[in-house]
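Note that this is a predicted model, so its numbers are computed, not measured.
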Amino acid sequence: MALPEAGRPIQIVRQHDDHTISLDESALADLLKRQDIIDKKVVVVSVAGVFRKGKSFLLNFMVKYLRSLRCSTPEAMDEQTWMGDGTDILEGFHWGGGCERVTTGIWFWSEPFLVKHSIEDDVVVLLMDTQGLFNPHSTTRDNATIFALSTLISSVQIYNVSNNIQLNELDILQFITAYGGSALADQEPIGKPFQRLLFLVRDWSHPDDHSYGMEGGGVYLKKRLQVSPDQHPELRSIAESLPRCFESVFCYLMPLPGMKVARTQRFNGQVKDMEEDFRQHLHELLAILFYEEELVIKQHNGQPMLAGSLFDCIQTYVQLFQSDKLPEISALGKARAEIHHQNALMNCRSYYDVQMRKFIFSRDGALNETDLRRHHESSRNAALAMYHGCPKMGGYDVNNAFEEKLERHMEEFCARELRRLESYKKSSKNRFIKGVITGAAVIATAVGGVAVTAGVATGATVAGVGTAIGETLTALGGMAAVGRGAATVAGVAGAARLGGRLWRRIRSVPNLAQDSPDSQDSQAQSTVTPSMLSNDGN
């Protein structure tokens with residue numbers, strides 16, 4: 001389903017008044033099951049953090065930047081390339097000044113961005129906005145649920161904080177690091193449970209101590225999370241867990257955007273109203289995030305995740321958090337095992353489908369059943385080898401269940417293509433036969449219908465129709481030669497040769513008159529043009 005080019009925010013997780021959550025599967029499917037991205041690898045950038053601190057505001061600049069990136073590269077883009085003349089009003093995710101929360105639940109931007117990757121083919125970048133933490137309407141469980149879900153779903157989690165990293169803002173990491181530690185101990189995953197965590201400290205007011213940007217942020221974060229004997233036990237636990245649970249942890253210090261931005265609700269996002277320092281560092285931050293070599297493809301247990309797999313991943317995790325309390329760590333482990341196998345299944349299915357479609361469309365002149373079956377077996381064996389090579393989680397029964405799903409998909413795909421092949425061959429025969437007989441009828445009408453009537457009367461068979469065509473064309477040849485209907489030798493011979501060629505073409509169509517071994521052999525080797533077959537592998 002195609003989405004508007006302009007894009008829009010779509011809510012996929014709703015939080016209700018009773019503090020439960022629900023998933024809008026239809027909205028999520030419209031985004032992730034689009035045919036142009038379902039088999040592409042994804043980068044999921046999430047922004048989470050304290051409410052009313054500019055998360056949606058930041059994401060809208062990401063939308064502007066990624067749109068400009070379609071026609072340029074991070075190296076070639078300067079501020080003006082994507083910020084424009086500074087007078088554009090900022091639109092996109094819901095945002096605004098004031099003290100009341102704007103975003104609830106979890107939202108995605110409906111516009112997937114295809115971005116060049118340094119190693120892979122083009123990848124799909126998805127932007128995710130989350131409900132603000134620690135707002136007056138949220139409980140501790142609400143905060144933990146939103147932050148845990150966004151971390152589990154994303155490949156880059158941006159933790160947006162203001163002025164400084166406070167202890168209560170680190171407390172929210174406890175649940176996710178506890179789960180990560182359990183996954184490391186029990187499941188033996190390939191790689192760490194989570195990918196990239198970026199602390200984004202907004203309105204940093206101590207540039208003399210630690211300079212703006214990534215370098216100053218790295219020094220600040222190292223000091224903030226340094227383990228020491230007199231450190232608060234909770235902070236020590238988090239400081240020790242973060243490097244073990246995340247593949248990378250960074251910090252970026254952002255300057256104030258300007259007094260006009262900070263002090264008025266009438267600010268509408270125009271870049272001209274922002275301080276130069278802020279504009280420069282906003283540009284630098286986004287250039288780092290979306291640089292080819294810095295794009296973080298979503299992975300699960302060391303395996304890249306496709307858009308279609310991400311749908312299953314989100315569905316599984318949201319179901320887990322729908323109860324009235326946080327899930328047990330063991331339940332998260334089981335969900336992780338299911339997602340792991342689902343992701344492996346999707347990757348192997350995609351490989352098989354691509355190999356089969358490439359083969360079908362590479363047969364420029366012909367495609368037959370024997371070759372199709374042979375290539376199916378080859379692609380099937382390769383896909384199964386891929387699946388067997390994936391790390392195992394969840395036990396023998398779980399592994400076998402997903403392997404059976406893979407086998408069933410491949411057999412159904414092949415059977416579907418064989419049916420299409422057979423259907424096309426039959427329709428081709430019918431169109432040819434109809435064309436030949438219609439042509440014979442037109443010719444017969446031109447000379448009064450005498451010859452065809454005689455042919456049908458004497459044989460009432462296809463052979464009779466062929467004879468009739470020959471006789472009709474003989475009559476036409478004779479009329480052309482003498483002008484009065486008297487046949488000449490040249491006219492008779494020419495017409496007879498043409499009638500014979502038409503008859504031989506009729507005889508070459510399998511199963512026209514009878515079901516014979518010869519006709520079956522011909523049918524098996526009949527060829528079709530691959531472009532006439534559908535490439536729908538779903």
Side-chain angles (χ1 to χ4, degrees), residues 29 32-42 120-121 124 190 297-313 315-316 337-364 366-426 523-538:
L32 298 180
K33 292 195 173 183
R34 290 172 40 156
Q35 289 306 306
D36 57 336
I37 71 166
I38 190 170
D39 289 325
K40 289 190 176 294
K41 295 170 185 174
V42 290
E120 306 285 346
D121 295 331
V124 176
I190 305 300
I297 295 173
K298 173 67 178 171
Q299 293 190 348
H300 196 278
N301 213 27
Q303 301 297 312
M305 187 168 282
L306 309 180
S309 299
L310 183 63
F311 176 90
D312 298 319
C313 171
Q315 188 179 51
T316 300
E338 181 180 342
I339 291 168
H340 164 74
H341 285 288
Q342 187 66 46
N343 188 45
L345 169 66
M346 191 73 179
N347 284 330
C348 296
R349 277 179 51 171
S350 177
Y351 169 83
Y352 170 86
D353 292 356
V354 168
Q355 294 304 309
M356 289 295 289
R357 288 169 182 163
K358 281 183 178 178
F359 172 75
I360 290 171
F361 285 97
S362 70
R363 308 288 287 182
D364 290 336
L367 181 68
N368 62 59
E369 180 179 338
T370 302
D371 288 345
L372 185 62
R373 287 187 183 278
R374 186 183 297 118
H375 196 75
H376 157 70
E377 285 299 319
S378 172
S379 301
R380 171 188 172 277
N381 293 338
L384 286 173
M386 280 182 60
Y387 185 79
H388 295 154
C390 293
K392 301 299 184 289
M393 293 180 67
Y396 181 82
D397 291 342
V398 174
N399 180 63
N400 276 5
F402 279 93
E403 184 174 341
E404 288 173 5
K405 288 182 180 180
L406 175 60
E407 289 259 28
R408 188 161 55 249
H409 168 80
M410 293 187 292
E411 294 303 324
E412 289 173 353
F413 186 105
C414 183
R416 184 165 56 247
E417 295 306 320
L418 286 170
R419 288 195 300 271
R420 287 173 178 157
L421 179 63
E422 182 65 22
S423 174
Y424 179 73
K425 288 191 294 186
K426 287 180 178 178
Q523 181 181 2
Q525 297 303 319
S526 293
T527 61
V528 300
T529 303
S531 61
M532 299 304 295
L533 293 177
S534 166
N535 67 340
D536 180 10
N538 299 311

Give a yes or no on whether the backbone of [Y] and the side-chain of [X] come within a donor-acceptor separation of less than 3.5 Å.
{"X": "His300", "Y": "Ala344", "result": "no"}
{"X": "Tyr352", "Y": "Met410", "result": "yes"}
{"X": "His388", "Y": "Leu384", "result": "yes"}

Would you call Ile38 and Phe311 a side-chain contact if the rule is heavy atoms closer than 4.5 Å?
no

Just so I know, are the side chains of Ile360 and His375 near enough to count as touching, which here means a heavy-atom distance under 4.5 Å?
no

Considering non-hydrogen atoms only, spot the tightest contact between [X] and [Y] and give its length.
{"X": "Met305", "Y": "Asn343", "value": "CA-OD1, 3.4 Å"}
{"X": "Pro304", "Y": "Asn347", "value": "O-ND2, 3.0 Å"}
{"X": "Leu306", "Y": "Ser350", "value": "CD1-CB, 3.7 Å"}

Taking it one step at a time, do Arg380 and Glu411 satisfy side chain to side chain contact (heavy atoms under 4.5 Å, CB included)?
CA-CA 9 Å; Arg380 171 188 172 277; Glu411 294 303 324; 3.6 Å; yes

Could you work out, with ring-ring contact (aromatic ring centres under 6.0 Å, His included) as the rule, every residue matching Phe402, not counting sequence neighbours?
His341

Are a donor atom and an acceptor atom from the side chains of Gln342 and Asp312 found within less than 3.5 Å of each other?
yes

Member of Phe413, Tyr351, Phe361 meeting the side chain to side chain contact (heavy atoms under 4.5 Å, CB included) criterion with Met356:
Phe413

Yes or no on salt bridge (Lys or Arg N to Asp or Glu O under 4.0 Å) for Arg420 and Glu417, after CA distance, side-chain angles and deciding distance?
CA-CA 5 Å; Arg420 287 173 178 157; Glu417 295 306 320; 2.8 Å; yes

